[in-house]
Amino acid sequence: MKKEDTVKLISAEGFEFVIDKKAAMVSQTIRNMLTSPGGFAETEHREVTFPEISTTILEKICQYFYWSLQYASYMESLSPSEARKGDA
C-alpha cells in the first residue's frame, strides 16, 4: 500500500493507527479535515490527532470504518430487491 493511500490517526495516548484513506473517509469529520483547502497540517501530513479519544475507543472507531466499507460493498453487490429485504 502506498503512503499516500493511508492516513494516520493518533489517540490521546499517542498510539498511531495507520489505516486506508478510503476507510478514514467514512467519517465526514475526518474527510473534511483531510480535504479542506488552506494548507492545514492534517491535509499536508495525512495525520489527525484526537487528544480526547483514548486508544481503545479509537481502535473501535477504526474497526467501524472498515466494517462500514465492507457493509457498503456488500449492499452494492445485492440486487435492488435483495437490498430492500435487508431494510425491513
Side-chain angles (χ1 to χ4, degrees):
M1 183 180 315
K2 298 178 188 174
K3 187 176 179 180
E4 57 269 7
D5 294 336
T6 63
V7 174
K8 187 184 296 184
L9 305 181
I10 306 169
S11 71
E13 296 86 6
F15 193 88
E16 300 176 352
F17 294 89
V18 178
I19 65 171
D20 293 328
K21 187 174 182 181
K22 188 174 181 181
M25 294 299 194
V26 166
S27 165
Q28 186 65 45
T29 301
I30 293 174
R31 179 181 299 144
N32 289 341
M33 292 173 145
L34 295 174
T35 60
S36 60
F40 293 105
E42 291 88 356
T43 305
E44 292 179 20
H45 302 291
R46 290 180 310 281
E47 291 182 8
V48 181
T49 301
F50 296 97
E52 304 211 0
I53 299 179
S54 70
T55 299
T56 305
I57 299 300
L58 191 54
E59 179 180 21
K60 290 295 180 189
I61 291 168
C62 292
Q63 289 173 355
Y64 170 78
F65 291 161
Y66 282 105
W67 175 86
S68 182
L69 281 180
Q70 184 178 8
Y71 179 76
S73 175
Y74 169 74
M75 291 303 288
E76 288 174 5
S77 71
L78 296 177
S79 68
S81 62
E82 290 174 318
R84 280 193 297 273
K85 287 179 189 174
D87 290 341

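One is the number of the first residue; the rest follow in order along the sequence.
Heavy-atom contacts from other residues, nucleotides or ligands closer than 6.0 Å to CD of Gln28 number more than 12.
In terms of heavy-atom proximity, Val26 sits nearest to Tyr64 at CG1-CE2, 4.2 Å. Residues Pro51 and Ala12 approach most closely at O-CB, 3.2 Å, considering heavy atoms.
Put simply, Ile53 and Ile10 are part of two different groups of oily side chains (I, L, V, M, F, W, Y) that touch within less than 4.5 Å, one to the next.
Remark: Thr55 engages Ser11, Glu13 in a side chain to side chain donor-acceptor pair (under 3.5 Å) (not counting sequence neighbours). For Glu16, the salt bridge (Lys or Arg N to Asp or Glu O under 4.0 Å) partners two or more places apart in sequence, or in a different chain, are Lys8. Remark: Phe17 pairs with Phe15 by the ring-ring contact (aromatic ring centres under 6.0 Å, His included) rule, at least two apart or across chains.
For the pair Leu58/Leu9, a side-chain contact is recorded, criterion being any heavy-atom separation below 4.5 Å from C-beta on. The side-chain heavy atoms of Leu69 and Lys22, taken from C-beta on, include a pair separated by under 4.5 Å. Within the 4.5 Å cutoff, side-chain heavy atoms of Phe65 are placed close to those of Ile30. Within the 4.5 Å cutoff, the side chain of Tyr66 has heavy atoms near those of the Asp20 side chain. When side chains are defined from C-beta on, Val18 does not count as touching Val7, because their heavy atoms never get closer than 4.5 Å.
Checking side-chain atoms of Arg31 against main-chain N and O of Met25 turns up a donor-acceptor pair under 3.5 Å. The backbone N or O of Asn32 sits less than 3.5 Å from a side-chain atom of Ser36, completing a donor-acceptor pair.
Atom-to-atom distance recorded for Gln63:CD and Ile19:CD1 is 11.0 Å, nearest 0.5 angstrom.
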